[in-house]
Each structure stands twice: as C-alpha cells, then as structure tokens.
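The model shown is predicted, which means the values in this text are computed figures rather than measured ones. Lettering of chains follows the sequences in order, A, B, ..., and the numbering in each one begins at 1.
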Amino acid sequence: MPESTQEFPDIPNDSYRNKGTPLVHYTQSTNFYSPISDFCTEDNIPECILYLNQEAASLGFPAVQPDPDGGDGGLDMDVVSLLNSMYALLERHHRVLRALDQLETERLRSISDMQRQQLNQGRLKDQLELTKRENARLQERERQLQLNIKSLKKCLKNERDEVQKLQNIRTSSSMQYNHDMKRKEREYYKLKEHLNQLLIDKKDNKQAIEVLNCVGRPDGRRGQWKTRRTEARHEEEMYQTLLNDFDNRQRELMLENVELRKVLQQIKNEMIGILSPKKSNWREARQEHGGNQDLGSDEEVVCNAGRDGLEQSCEQAREELTNSIRQQWRKLKHHVENLDSQASLVQPRDSEVMAKEAHDREMEQLRQEIQQCKDFIHTQQQLLQQQLSSPCDEETASLLKDCYMLEEKERLKEEWNAFDEQRKNFTSERKNFTEAAIRLGREKKLFEDDRATWLKHQFLNLSFADHVNPPLSKSPGVLSEYVEASAAPSSLSDVISQMVFSPPDGSSVRPSSSAEYQQSLLPQSRF
Amino acid sequence: MNFSEVFKQTNQLCRVSPDGKYLATCVQYRLVIRDVNTLQILQLYTCLDQVVQMEWSSDSLFILCAMYKRGLVQVWSLEQPDWHCKIDEGSIGLLCSRWSPDGRHILNTTEFNLRVTVWSLCNKSVSYIKYPKACQKGMDFSTDGRYMALAERRDCKDYISVFVCDDWHLLRHFETETQDLAGVEWSPNGCVLAVWDACLEYKMLLYSLDGRLLSTYSAYEWSLGIKAIAWSPSSQFLAMGSYDEKVRILNHITWKKIVEFEHPATINNTKAVVYREVEKRPVVPSDDLSLQQLSISSTAFNAQSKYEICQLPVQVPSVKPDPDRANPKVGISSLAFSADNRYLATKNDNMPNCVWVWDMQRVGLQAVLEQASAVRCFLWDPRRPRLALCTGNNKLYLWSPAGCVSVRVPVEGCFQVLSLLWHCSGDSLILIGKDQLCLCYMETEQQP
C-alpha cells in the first residue's frame, strides 16, 4: 500500500550540508524496525500475499505463493521462495545502501569540489579585476609618458634650433670680427710701412697751401676772433634752434590735439543724439543706477562744450570728455546688443533658415537661368559672326546672297507663275469671249436682218393672205427658232454683260448697236 | 623725354652745381664745366693728375678736385678762371677731401685717419681735428650748414664732437654708448643726431643738438644689426634697414618703432602692385655663337622691355648669401624717402633685382619693381614722387604712383647706365655710364 511507503521529503539545494540527506533519511527510516502491522493483519493475509506476489513478479522475484487459488484460505506459501525473496530484498537493500553511501560520498565530494571551484572563481575574478585596473593604470602612465616624450622632443627640437641659430649668429659675428681684425691689421701694417718710409725718407714734405689770392667769406663779412662772447653766442644760437624746433612741434601737436578733441566732441554729440530718442523707452527698462544721472550729466557736458574748447590744457576737461565718450559708447553698444537679441527673438529660427534656403534656391535658379540665357546669346552671336564673316570669295558670296530667303523666293516665284498662267487663261478666255461676242454681234445682225426680212415677208404675207397656214406651220418652227434664238441671246447677253465687267483693255465688245439691242430686249439685265 | 648726346667722363665724376646751372665732369685730368641746358662747354681746367674726387662748393662758385695718390687738392673758381688754389698734404697723404657748408673751407682727411685738416680759403689758416674715426659715415654736416658732427675714437671709446662750421668752434663733445660707432647723421631739421653702432650690435642712439641722449633703440640682440638708415625730409621718421631684411621706422615724438616693413620672398595678401620687367630679346640672326659675337649682338640688338603687372602671389627671386664671408649680401642696404615724405624706396641685398616702394601714409607696401637684372642705383626726384632706377643695361626705369615705364636710352653703341643723378629741379636726369654720360630731359608737365 502506497500510504505505507515513506516519502522522502524534497531536499533544498542549500541544505546539503545538514543532516537531511537522502541517505540519512533513508537510513533513518530503515534503521528502525517499525512494525508494519498496518500492512498485514490476520484478516488481509490473502490480499497481502496477492500484493506481495504482484510486487515480486514486478521485481523479478519468484512468486511468494505460486498457487494463489489453491491451499487453505491463502495461507499456503512457498517459504523457500519467500525467504529467498526476503534475502534478495535484503541484499538489494544492502546494495542500495552501499550505492547510496557511495553516492553520498560522491555528492559530498562534488559539493566540496564545487565549493572549491567557486572560491577559486571568486579569487580569480578579484585577480582579474585587479590586473585590469593595473593594466589601465599602466596604460594611462604610458600615455602620459608618451606625451611627455613628445613635449620633450619638441623642447629638444626648439633648443636645437635655438642652438643652431646662436651658432649661426656666433659664426657670422666671428666672421665679422675676423674681417675687422684683418682690416685693422692691414691698416696697422700700412701705418708701420709708412712710418718706416718716413724714417728713411729724410726730406719732409710739409703740407702747404698755395692760393693765388684769398677769397672773401660767403656772406661778405670779416672773420671774427674766437672769443668767449662768440662761444656764448654759438651756445645761444644752438639753444635757440632747439627751442624753435620744440615750439614748432608743440604747435603741431596742439593743432592735432584740437582737431581730435573736436572730432571726439562731435562723436559724443552724435551718440547722444542717437541714444536720446530712446530715452523714454529706456527709463523704465534700464535697471542701471545713475542712468538718469548719466544722461543728465551728458546734457551738462554738452552745455559745457563751448567752455571745453577754451580749457584745452585742463586735465579734468580731457578726462571728462574721454569718460563721457566711453559711457556713451557703452550705452550704444548695449542698445545695439538689445536690438540684436530682439531681432533674433522676433524672427523664429526655422523660418529664418527656411527663408534662407528658399532664397538660396531661388538664387541658384536665377543663376542657372542667367547662365542659359548667356549661353544662348553667345551661340547666337557666334552664328551671327559666322554668317557675317564666313563668305570667303565672291562667287560663294553671290551664291549665298539671300540664301535665307530662298524658300520664300521659290514660293513667290511659283505663285507668280501660277498668277501668270491664270492671267494668260483669263486673257485667252477673254479673247474667246470677245470673238464670241463679235460673232454673236454679227449673228445678231444677220438675225435682225433675217427677222426684219421675215417680218417684212410676214407682213407682206399677212397682208397678202390671212388664211395661209404653212406660215403657221412654219411659225412654230420659226417661232421655236426664234424662241431658241431669243433664248440664246439671253444667255449670250448675260455672258456679254459679264464680259463688259472685264478690264477695258481686254475687251473688244462691239459698240452700241448690240448694247442697245440688249437694253431693249432684256431690260432686267441692265447693269 | 629728350636725350642729349653722349659725353665722355672718367671715374663716374659728374656733378651738377647746387644752383642747377652748371654741369661739371672730369675727363682724365681735365675738368669740364658745361651749361646744363645747352651743354656747351663754358670752362675747361687742367689738373695735375687724374681726378678722383670732385665737388662743387655750396655757392656754386668753386670746384674742388682731389687727387688722392698725389695728396693734392686743387680748387678752381668759376667766376675767375685764372684763380687757382692747390693744397698739398705732403707725406701725410690724403684719404678724403670735402667742402665745408660755407664753401670756404676744405676738410681733408689724412691717411690712416690720423687727423682732419681744415684749410681755409679765406685766410690760408689751418686747423686740425685729432682722432677722427674711420667708419661708414664718420662726419656729417647739418642741412643748414651750421654744425658738423664728427665721430672720434680715443682710448677704445667713441665720442662725438659737434663743431660750429662758422669758426670751427667745438660746441659739444660727448661720449656715446656704442661699442663701435658706425655712423652719424643729422636729421633734416638739424635738431637730432642719429648715431648707430656697427653691424655686430643693433643699436640706434638719438642725441639732441646739445648733446643730450634722447632715446636708444635696439630691435634685437646678437644678430647682425643696422645696415643703412634714412631720415624722412620732414624729420618725422627715421628708417633703419638691417641685416634681418626688415626696415624699422621710428617716429620723432616718442622715438619708438611705429612699423616694421618686411621683405618676404613670397608676396601675397597686399594691395601693392608688382611690376615685372619683361624683356623681349630679338632673335640673333647669326649662327656663329662665339662669345664676342654674342656680346656685341646682344647690345647691338637692343632688347625691348616693358613692365607687366603680376598677379599675386608673387615669388621674388632671391639669392642666398655666402655664409662664410663677412659683410654678407643680405639685408636692406639702401633706403630713400621721396621728397614729399610720402614714399620710401628700399632695396634688399639678397633680392638684388627688386626695389620695394612703401607708402608712408597708408603704412604699407605700394609697389614692387622686379627688374631683369640687379638694380644698381635708384634715386628720388628732388621735387616730385618719382623714382628713377638703373640696372646696368641701356635702359632707364621710372616709377611714379601713376605707373612704371622703361625707356631705352637712344644712344648708338654700347651705353650702360651704371648710375644716375637728378638735377636739383627734377627736370632732368644725368645717366652715367662706364666712361660716358648722357642727359635725359624730362617733359615738363603741361596742363591738359
């Protein structure tokens, strides 16, 4: 029964050191014989036997009761197998105990190993840390030493350069000295020679002057003796010269001084002028004490400007002027700085930047456009130049003359040709028409004559014989003829009337008779 | 611009009289006096030996001719050609001879700088000044001719004596704080004396007329120092050129440096105009390239040259001086102010082809003239801000604020302009060659 088996409690990892080891538990649990009265009682012997059989079978032992069904009430057991099983179980138990022992010792060993390893690791980590620090320290030291070396090298180089320079100077100096020494020696030698010469030469060439006659002094006066008075006069003259020079210089400096003072005054006044309109705004903004006083003092000094000019050498006036200028300048500077900061605040940075970018882009675009235009103009100029300068001889020049107009000229020529043709056509047509008109005129005349004769005949016939029919049979034909004849002239007269419109030089229209006829016959075709 | 014909001269001795009317030249042992405008010979004098030094007296009445080898000085009168005067220094020898400012005394420096003998033409008297110093510029007369400053050296110490030229009265005598005095120069207003030390030490001392030390200026120590100095005509500025290729300007009020002009090898970042002379050599037609042929032809076929303006930055050609020699060719060796105080012209020895012109009003570089060969001489016009320079070829170069021009001297044969001299009116220039001279008359400005 499972509830009778003792469950070994879970052993936490860190309690391996204490006595709660599986072996201990196991030995504890197995060292004492606790009556297993719970398992088997007189009542449940067959069940126990059955259970034991099952367990034995599962463990590979021979069955406790080979024949469970037979026997007397289940008490029939194979004692030998039972003992064997018990013995095997005991053996197993011992083996297990031994194995447990071993395992226990191994575990302890491995635990101690691990402990040792962990200690080792800790120690090594510390060591590593230390060495790392040491390494860093050494590297730092090395770097510093490198820097040191570099600076020392530089120093050394400088020193060497210095030494070189000094050596050069020394050599040139010594060169110069030697040169001078040699020169002096040469001169000394010459002097000695000359002296020797003089000692040898007995004749003494004395200095002499030979003048024809004495020349007067340049200013015409006589020479004067050198007396103390003249000496004093010379001294006086010398000092006079010096004094004059000092006077001149002082005068110049004074003039310059006055000029500069004027300029300073002007500057100061202008600065005050610039700053004073802002006075009202500033009075509240300015926290500087004595601001009002400054302005007040400025006004005072401005009033004193006139007086200043007079006290030119007054130290105080000069200091006042320079101080006031300084003050004004400081104010102006402050003001300008304020304006600058205000300007930068008002305009947000981005838009400024953006505007600038856009501005730049636009500029780029414009520049490109300008460049393109320039190129275009340039090419045009080149072409023009080519065109103007290209004809190299007369033939080609004459050939190329008006070459650009060639197409238009051709077209024009063609059109002229077309016009000429048309004109020719028109003239020929006109001619035809005039001929036709002339023919028509003639025919009309003939017709008129015929008509007149016919009418005459008719009249005569009518008057001669009223009832004569053949003329009636004839008349429709004649009438039809007439109709046709009368029809024809209408079209002809139309044509003729049209023809009258054509230019007078081309027409050869018959004179008035046909015209009259037309007019009388067809009054509606009057034009 | 008109050029006269060429005349002979020797030793580059050619002087215009202070009143501007006469031109004196020496040809061998003869002294020729011409009229400046017509160039006609007015007088002719004959000296005893080849003349080495020639000088007009300040009133243009007398001329001094010195012959150092013979130790003789001869004086000629313009008004009276018969008048003569001969000064013989005897065995003591002659080193240098000059007029005093009144035109009646002659100062002869004897050999070895033993003494200065003052000969008077008025009364044949003689005075001696002992221990003059032999240096770059040991004697200077003030502009008004009243005083003379003389450098002396006694007991390894430098002194300055100030004499009154009237009667040679010693006005002041004081010691200077120099190691080795190199020169003295009066300011144009005659009130300040500039005294400078030899090149081994950079030291400029300024003494007042009465001998007080006004100021000392030293730009640096140890390196080679002052090479040349120049006073501005108004006495406002003192310009000092030194071996470090810089010019330092002192002002007359505080005697402190107001500006330092550098002469760098690369010019950029300046408003100055750089003119470069460009020569166009015509092709030599002959195939024979022998040296003689070349030298003849190169002068016969006169090369055209003109100035062109260079764009900055410009590299100035410079010559590295020989470090093993004394008095190295480095540094500012010549300075000159223009007559109106406005411009300063300088020449740096290791950039021998260039002349630098500085504007004193703007205190900056105005122009740089780079020539094709080394500049030999440059002088300002005594009246206008116009600079004339020559480089030893047959051309004359002129610079003015308006621009630069190079003019070929239209002379047949070989005429090389070695030095120049302005006439005191500034209307003409005397071009001095090896043994010839030529006058150049400038066009007078006409009102447009």
Side-chain angles (χ1 to χ4, degrees), chain A residues 165-166 168-184 187-188 190-191 194-195 197-198 201 203-219 222-227 230-231 233-235 237-246 248-249 252-253, chain B residues 57-59 61-62 71 75 77 80 82-93 102-104 111-112 117 119-124 126 134 144 146-147 162 164 166-169 171-172 180 189-192 198-200 208-210 222-224 235 243 252-253 323-328:
Chain A
K165 206 162 59 108
L166 285 171
N168 287 344
I169 290 168
R170 196 191 62 82
T171 38
S172 67
S173 292
S174 65
M175 200 63 58
Q176 201 69 28
Y177 273 124
N178 289 340
H179 177 81
D180 280 340
M181 279 297 289
K182 283 199 187 115
R183 199 161 45 92
K184 287 206 157 56
E187 202 170 317
Y188 180 57
K190 266 202 297 189
L191 193 61
H194 194 77
L195 198 58
Q197 194 81 27
L198 279 175
D201 273 348
K203 55 184 161 126
D204 195 15
N205 285 347
K206 279 218 180 323
Q207 305 172 293
I209 179 169
E210 241 179 67
V211 193
L212 185 66
N213 54 305
C214 290
V215 185
R217 283 166 61 89
D219 47 4
R222 278 185 303 148
Q224 291 174 333
W225 291 107
K226 260 196 221 175
T227 56
T230 53
E231 284 172 25
R233 192 165 50 85
H234 287 311
E235 289 272 323
E237 274 173 11
M238 178 188 78
Y239 283 123
Q240 196 64 43
T241 321
L242 280 175
L243 277 173
N244 287 339
D245 181 58
F246 282 138
N248 286 339
R249 218 192 297 166
E252 280 171 24
L253 287 172
Chain B
S57 68
S58 54
D59 52 4
L61 292 174
F62 297 97
V75 187
S77 160
Q80 295 176 298
D82 308 323
W83 187 90
H84 63 269
C85 168
K86 187 174 78 163
I87 299 170
D88 190 353
E89 284 293 338
S91 35
I92 207 162
D102 63 358
R104 296 290 178 275
E111 219 168 343
F112 310 114
T117 324
W119 298 95
S120 166
L121 294 178
C122 305
N123 50 17
K124 295 198 221 173
V126 179
D144 54 5
R146 286 208 286 182
Y147 304 104
V162 179
V164 181
D166 246 0
D167 55 1
W168 305 106
H169 159 231
L171 191 63
R172 285 285 187 275
D180 183 14
N189 64 3
C191 298
V192 181
C199 58
L200 285 171
S208 140
L209 176 57
D210 57 345
W222 310 125
S223 282
L224 294 177
S235 311
Y243 280 88
H252 72 305
I253 300 176
D324 291 335
R325 295 190 55 156
N327 296 325

| said: For the interface with chain A, which of B/Ile87, B/Asp167, B/Val162 has the highest count of heavy-atom pairs at distances below 4.5 Å? | reply: B/Asp167

| message | Does B/Ile253 form a side-chain contact (heavy atoms from CB on, under 4.5 Å) with A/Leu253? I'd like the steps, not just the answer. | response | CA-CA 10 Å; B/Ile253 300 176; A/Leu253 287 172; 3.7 Å; yes

| said: Counting only heavy atoms from other residues, nucleotides and ligands, does the tally under 6.0 Å from CH2 of B/Trp83 exceed 12? | reply: yes

| said: Is B/Trp222 close to chain A through its backbone or its side chain, or both, or neither, when contacts mean heavy atoms under 4.5 Å? | reply: both

| query | Would a 4.5 Å heavy-atom cut-off, applied to side chains only, mark A/Gln176 and B/Cys199 as touching? | reply | yes

| Under the side-chain contact (heavy atoms from CB on, under 4.5 Å) criterion, do B/Leu171 and A/Glu235 qualify, and how do the steps go? | CA-CA 7 Å; B/Leu171 191 63; A/Glu235 289 272 323; 3.7 Å; yes

| request: Hey, could you give me the OG/CG distance between B/Ser223 and A/Asn168, rounded to the nearest 0.5 Å? | output: 9.0 Å

| From CG (B/Asp144) to OG1 (A/Thr241), nearest 0.5 Å | 7.0 Å

| request: For each of A/Glu237, A/Arg170, A/Glu231, A/Lys165, tally heavy-atom pairs with chain B at distances under 4.5 Å, and name the one with the top tally. | output: A/Glu231

| field | Euclidean distance, A/Asp180 CG relative to B/Leu200 CG, rounded to 0.5 Å | value | 6.5 Å

| A/Ile209 side chain near B/Asp88 side chain, heavy-atom distance below 4.5 Å | no

| With a 4.5 angstrom heavy-atom cut-off, which part of A/Tyr239 approaches chain B: side chain, backbone, both or neither? | side chain

| message | To the closest 0.5 Å, what do you measure between SG (B/Cys191) and CG (A/Asn244)? | response | 8.0 Å

| remark: dist A/Leu198:CG -> B/Ser91:OG (nearest 0.5 Å) comes out at 5.0 Å

| Of all residues at least two apart in sequence or in a different chain, which pass the ring pair (Phe, Tyr, Trp, His ring centres under 6.0 Å) check with A/His194? | B/Phe112

| field | Greatest number of heavy atom pairs closer than 4.5 Å to chain A - which of B/Val75, B/Asp180, B/Val164 | value | B/Val164

| Those residues that, when tested against A/His234, pass ring pair (Phe, Tyr, Trp, His ring centres under 6.0 Å) (two or more places apart) | B/His169

| task | Start with the C-alpha gap between B/Tyr147 and A/Met238, add the side-chain angles, then the distance that decides, and say whether side-chain contact (heavy atoms from CB on, under 4.5 Å) holds. | result | CA-CA 9 Å; B/Tyr147 304 104; A/Met238 178 188 78; 3.6 Å; yes

| Measuring heavy-atom distances to chain A, does B/Ser77 have an atom under 4.5 Å in its side chain, in its backbone, in both, or in neither? | neither

| request: List the steps, then state whether side-chain contact (heavy atoms from CB on, under 4.5 Å) holds for B/Arg325 with A/His179. | output: CA-CA 9 Å; B/Arg325 295 190 55 156; A/His179 177 81; over 6 Å; no

| query | Side chain, backbone, both or neither: which part of B/Asp102 has a non-hydrogen atom closer than 4.5 Å to chain A? | reply | both

